[in-house]
Every structure is written in structure tokens, then in C-alpha cells.
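Computed from heavy atoms alone, side chains included, the values below leave out hydrogens, waters and symmetry copies. Remember, predicted model here, so these are calculated numbers, not experimental data. Quick note on labels: first sequence line is chain A, next is B, and so on, each numbered from 1.
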Amino acid sequence: MDNIQAIRGTKDILPSEVIYWQHLEKTASKILEKANYHEIRTPIFEQTPLFERGIGEATDVVGKEMYTFTDRGDRSITLRPEGTAGVVRSYIQHKLFASGGIDRLWYSGAMFRYERPQAGRQRQFHQIGLELLGSRAARADVEVIAIATDILKALGLKNLSLQLNSVGSKEDRQTYRQALVNYFTPYQNDLDTDSQDRLTRNPLRILDSKDQKTQEIAKNAPNILDFLQDDSRSHFDKVCTLLTDLGILYELNPRLVRGLDYYTHTAFEIISEDLGAQATVCGGGRYDGLVTQLGGVETPAIGWAMGMERLILLLEQLQPLKPQSPDIYFVSRGEKAENQALVMAQNLRQHGFKVELDLSGSNFAKQFKRGDRSGAKICLVLGDSEVETGIIQVKNLENAEQKTVSQDQLLEILSLSL
RNA sequence: GCGAGCGUAGCCAAGUGGUUAAGGCAGUGGUUUGUGGUACCGCCAUUCGUGGGUUCGAGCCCCAUCGUUCGCCCCA
């Protein structure tokens with residue numbers, strides 16, 4: 001095929017689908033603003049080292065999924081694969097911490113990951129996410145999770161489950177990691193090949209393996225929760241009780257591991273039963289070390305991101321949304337009438353009516369047909385005779401009643417019938 | 001990066017080696033040249049993603065390539 005088409009893994013969002021996006025954006029932003037989160041918009045590309053340092057060199061995202069290129073100034077540039085690193089960079093650069101206290105930020109936009117597309121996964125995809133910077137409190141973790149569940153509830157989504165875990169402090173994780181290596185090494189040859197590889201690269205991931213034999217072995221592996229120091233443990237316990245107090249159901253999942261290196265303590269995912277293999281609809285956690293790691297003053301923080309395409313997949317299963325119809329379909333015939341209709345349509349719009357003007361120049365029958373299909377309630381008809389006598393026909397397309405009114409009275413009549 | 005399936009009009013498709021490529025929706029023209037929603041009639045793929053091969057003959061078989069879908073890996 002030599003026609004140019006959208007790049008693999010990217011998608012046009014056509015008008016029939018945009019309605020869902022608008023619905024999602026409106027619902028989410030309303031809830032975010034109510035919790036006094038403020039929208040931030042950061043660039044879609046950044047210097048490559050931001051992601052390498054922030055997300056972690058060893059992660060798959062950095063290792064094999066980034067869209068990286070050299071620009072004309074010989075700088076290495078990367079299309080953002082996720083939102084947090086850029087927001088934190090901006091937070092540090094503009095010294096937002098200097099304004100004191102706690103920052104609540106949210107964002108939405110396109111992210112890029114070079115992966116094989118499949119159900120619920122694209123190379124350019126969209127996330128809506130939030131970051132709460134400056135609080136170590138368990139209440140912060142819970143606030144953030146509660147906002148996520150609020151949004152999903154407001155969207156009317158069902159069959160979701162909140163998976164919760166703590167990956168502890170950096171030190172906790174270090175000792176746990178060693179314990180896992182010690183546990184799995186004797187079984188090395190019985191693990192699936194992916195997991196053998198993970199033994200050195202990222203042993204926590206082995207717990208997640210879909211291979212049956214590996215699962216069998218992992219059953220008796222040490223549990224991260226047993227490796228938490230006292231303060232990590234009590235933080236996590238608080239998060240759990242506060243969630244329960246708020247009536248938010250969760251499932252403890254000690255095998256939940258997040259893919260980016262910066263996570264500490266609380267980690268969570270919200271999973272849908274109604275998607276394919278890519279079922280995570282929201283993922284997030286605490287990242288107390290990231291701000292310092294990127295050169296800012298020590299700032300504890302927590303955030304999450306939702307995959308908008310995945311949410312939309314669910315919304316489409318839920319209820320069909322249709323594009324809005326015009327209030328008025330304006331039909332005209334003859335040069336004078338056509339020109340006058342243009343002027344009148346413009347005037348009606350300024351008075352708040354949604355009006356579509358038929359530009360086809362075809363006969364009235366055809367124009368009416370189109371008007372009918374447009375879904376408009378009212379059809380305005382202007383022809384030569386109306387122009388001469390200063391009147392206009394107002395036809396109700398639902399009951400076929402047609403009135404002749406003077407053009408001066410048109411606005412009045414329309415506001416009564418719409 | 002690996003594995004499997006699929007690719008016929010704007011959309012949904014029938015067709016599985018024999019020559020004119022069903023059907024439906026949508027569109028469009030007409031019956032009805034100042035009045036829609038129904039009905040009826042007409043039109044709407046010299047061509048089956050692309051390139052090559054096998055064959056007397058290919059949408060149908062083979063190879064390559066591109067795209068797409070689903071899964072693995074990974075993640076939102």
C-alpha cells in the first residue's frame with residue numbers, strides 16, 4: 001500500500017470517539033479540581049538522561065522501549081514514556097517546593113513507548129495522572145488512591161479491583177531482593193527462561209511470572225511484607241486501615257511489583273476484568289527518592305497514572321455516546337435566499353443556537369433529507385418568496401408542523417420551541 | 001524482540017483453483033424539479049493490502065513484504 005497511513009501503534013481519534021474522550025476528561029478533571037489538584041503541562045520530549053536517571057537504566061521502559069533520537073544540535077532527546085519524570089523535573093526547575101507546603105498536580109497527555117501493539121497497548125497512548133509532592137503521611141497515599149477510585153466510580157466502571165502492596169524502603173527492598181535470589185537460585189534450572197534472566201536483572205519480577213512451574217516454585221518464596229522495617233510496616237498498616245475507613249476495598253498482593261525503579265513503599269494497581277491481557281487501568285505508588293535523585297531537595301511524593309485508551313475501551317462497552325445534533329438545520333434555495341441564510345445562521349449562533357447550514361445547493365427535498373438525518377429538531381426554510389416578503393418557515397422535524405413567521409420574530413419563536 | 005491468526009468497496013461480509021467477484025448497511029440518482037423520516041427502481045470493486053512465483057487458468061496454492069489482531073515480554 002503506497003498511501004500514507006498513521007504510524008504503527010498510533011491511532012486517529014475520530015469524532016465519533018472523541019465524545020468518549022471528552023466525557024472522560026471532563027469527569028476526571030472535575031474530581032481532580034475538587035481535591036484542589038492543579039493541572040500542569042510539561043513538554044512531550046525531554047533530555048534522555050532525565051528518563052534514564054529517573055525511571056532506571058535497568059527497566060524495560062528505558063532499556064528497550066524509548067523513542068530516542070538525536071536532534072540537530074546533537075542532543076539526545078526522548079519522547080516521554082511516562083509523566084512523572086517530567087513533572088518532577090519541572091517541579092525542581094521552577095522550585096515549586098519553595099512556595100512552601102504541599103503540591104498537588106495533575107496532567108494528561110500523550111506518552112510514547114516502542115512496544116508491539118496489542119489490545120489496550122499502543123506506541124502513542126494517553127495517560128491522565130496526578131502527583132502529590134511533599135507529604136510522607138499515609139493519608140497522602142490514601143487521598144491519592146481515593147481520587148482514583150472516585151474517578152473510576154464516576155465513570156460508572158465495574159469489575160475493578162484495587163491491588164495493594166508495599167515494596168518498602170530502598171533498604172527493605174535490597175534485603176528482600178537478596179532473600180529472593182537466595183531462594184530462587186537452587187531452582188534456577190526449573191524456572192522459565194524469562195525468569196532465569198530476571199534472577200539477576202530483577203528478581204522481584206519472577207513472582208509475577210505466568211509460567212506454571214515458576215508459579216509453583218514462587219508459592220513458597222519469601223514475602224516482601226516480612227521484610228519491611230518497623231516504620232515501613234506501620235506506614236503500610238496505616239494506609240490499609242485508612243482505606244478500610246473510607247470504605248475502599250482492596251486486595252493485598254505481595255507479588256505486585258511496579259516496573260519503574262523509583263517506587264518505594266506503597267504500590268498499587270487497579271485492574272479490570274473486562275480488558276484483554278493489558279488489564280491495568282491505573283498504576284501508581286510512592287516515590288520518596290525520586291526528587292533527590294533528580295537533583296531536588298528531599299521531597300516525599302506519591303502519584304498514579306491511568307491509561308486513557310483502556311478506560312475508553314471500558315466506557316465503550318458501557319454505554320453508547322452519540323455526537324450532539326444541531327438544534328437547527330437551515331435550508332435555503334436561490335442565490336438571494338442562500339446568502340441571507342448565511343447571515344441569519346451566523347446571527348442565530350451568536351444568540352446561542354447550534355445551527356448547521358445546508359451548503360449543497362440541491363433541491364429542498366434533498367436538503368430536508370439531510371436535515372432529518374442531522375438529528376435537528378427544527379428546520380428553517382428560506383426561499384425566494386420568503387426573502388421577498390420578509391418571512392421564514394419554521395418546521396418542527398419531529399411532528400412535521402410548519403409555521404410561517406416574520407423574520408423579526410424568529411428569535412423569539414425559536415427560544416420558545418427549543 | 002518472539003509466537004499465532006487475519007487482510008475482498010466507506011463499513012459488515014459471501015466466495016476455498018475455472019473464467020460476468022453474492023448479499024446487506026451507508027452513499028447517490030430517480031418515482032416526488034418548495035418540504036424529510038416509509039416504499040419501490042437504478043447506480044456504486046476492470047478487481048480481492050503490495051510484489052513475485054506455481055498453473056492452461058489464482059481472491060482462493062507458495063514465498064516475500066507491509067498492515068492489522070491476539071498472546072509472550074513489559075506496562076497505563
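B:A13 is unpaired under the criterion used here, namely a Watson-Crick or G-U wobble arrangement in which both key atom distances are under 3.5 Å. As the counterpart of B:C40, B:G30 is assigned, both hydrogen-bonding distances of the Watson-Crick or G-U wobble pattern falling under 3.5 Å. Pairing for B:G7 goes to B:C66, judged as Watson-Crick or G-U wobble with the two contacts each under 3.5 Å. B:U46: no Watson-Crick or G-U partner with both key distances under 3.5 Å is found in any strand. With a 3.5 Å ceiling on both atom-pair distances, the Watson-Crick or G-U wobble partner of B:C2 is B:G71.
Here the nucleotide nearest the side chain of A:T280, chosen from B:G34, B:C73, B:A76, is B:A76. Considering only the side chain of A:Q118, B:C70 comes nearest among B:G37, B:C70, B:U35. Closest contact between the side chain of A:D372 and the listed nucleotides B:A76, B:G36, B:C73 involves B:G36. Closest contact between the side chain of A:K64 and the listed nucleotides B:C73, B:G36, B:C2 involves B:C73. For A:A119, the listed nucleotide lying nearest its side chain is B:G71; candidates were B:U35, B:A76, B:G71. Ranking B:C73, B:A76, B:C74 by closeness to the A:R205 side chain, first place goes to B:C74. Listed nucleotides B:G1, B:G29, B:U28 differ in distance to A:K366; the shortest reach to its side chain belongs to B:G29. The nucleotide whose nearest atom lies closest to any side-chain atom of A:R121 is, among B:G1, B:G37, B:U33, B:G1. Closest approach to the A:D384 side chain among B:G36, B:G34, B:U69 is made by B:G34 (side chain taken as heavy atoms from C-beta onward). Listed nucleotides: B:G34, B:G71, B:G36. Nearest to the side chain of A:F364: B:G34.
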### Message
Evaluate A:E309 against A:K11 for salt bridge (Lys or Arg N to Asp or Glu O under 4.0 Å), listing each step before the verdict.
### Response
CA-CA 10 Å; A:E309 279 79 2; A:K11 251 184 184 163; over 6 Å; no
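Counting non-hydrogen atoms under 4.0 angstrom, A:E65 reaches the backbone sugars and phosphates but no base. Across all strands, A:G371 comes closer than 4.0 Å to no nucleic acid atom at all (heavy-atom distances). No engagement by A:T59 is indicated, since no non-hydrogen atom pair under 4.0 Å with the nucleic acid exists. Nucleic acid contact class of A:R258 (heavy atoms, under 4.0 Å, all strands): sugar-phosphate only. Residue A:C379 is out of contact with every strand shown, counting any heavy-atom pair closer than 4.0 Å. Using a 4.0 Å heavy-atom criterion, one finds that A:R373 contacts the sugar-phosphate atoms exclusively. Across all strands, A:G129 comes closer than 4.0 Å to no nucleic acid atom at all (heavy-atom distances).
Taking atom P in both B:A22 and B:G30, one finds a spacing of 26 Å when rounded to whole Å. For B:G3 and B:C75, the P atoms lie 22 Å apart once the distance is rounded to whole Å. Straight-line distance between the P atoms of B:A26 and B:C63: roughly 41 Å, to the nearest whole Å. Nucleotides B:G42 and B:G23, compared at atom P, are 11 Å apart to the nearest Å.
Put simply, the side chain of A:N159 never gets that close to the backbone of A:S272: no donor and acceptor are under 3.5 Å apart. No donor-acceptor pair closer than 3.5 Å links the side chain of A:E131 to the backbone N or O of A:V87. Between the A:Q196 side chain and the A:L191 main chain, a donor and an acceptor come within less than 3.5 Å of each other. The closest donor-acceptor contact from the side chain of A:D172 to the backbone of A:S169 lies under 3.5 Å.
Other residues, nucleotides and ligands contribute over 12 non-hydrogen atoms within 6.0 Å of the OH atom of A:Y67.
The base of B:G37 has none of its N or O atoms less than 3.5 Å from a complementary donor or acceptor on the side chain of A:K369. For A:R310 against B:C75, a side-chain-to-base donor-acceptor contact under 3.5 Å is present. A donor N or O paired with an acceptor N or O is not found under 3.5 Å between the base of B:G36 and the side-chain atoms of A:Q402.
Ion pairing between A:R258 and A:E269 holds under the 4.0 Å rule for side-chain N and carboxylate O.
A straight line from NZ of A:K11 to P of B:U68 spans 10 Å, rounded to a whole angstrom. Atom CG in A:D197 sits about 9 Å away from atom P in B:C74, given to the nearest Å. Atom CG of A:N363 and atom C1' of B:G30 are 11 Å apart (whole Å). A:D60 has its CG atom 16 Å from the P atom of B:C2, to the nearest Å. In this structure, CD of A:Q163 is placed 14 Å from P of B:A76, rounded to the nearest angstrom. In this entry the distance linking CZ of A:R123 with C1' of B:C74 reads 14 Å, nearest Å.
Toward the 5' end of RNA chain B, the nearer of the two residues A:R198 and A:A400, judged by each one's closest nucleotide, is A:A400. Across the interface with RNA chain B, nearest-nucleotide mapping of A:A6 and A:E269 shows A:A6 to be the residue nearer the 5′ end.
With a 4.5 Å cut-off on side-chain heavy atoms, A:L256 and A:L164 do not count as touching.
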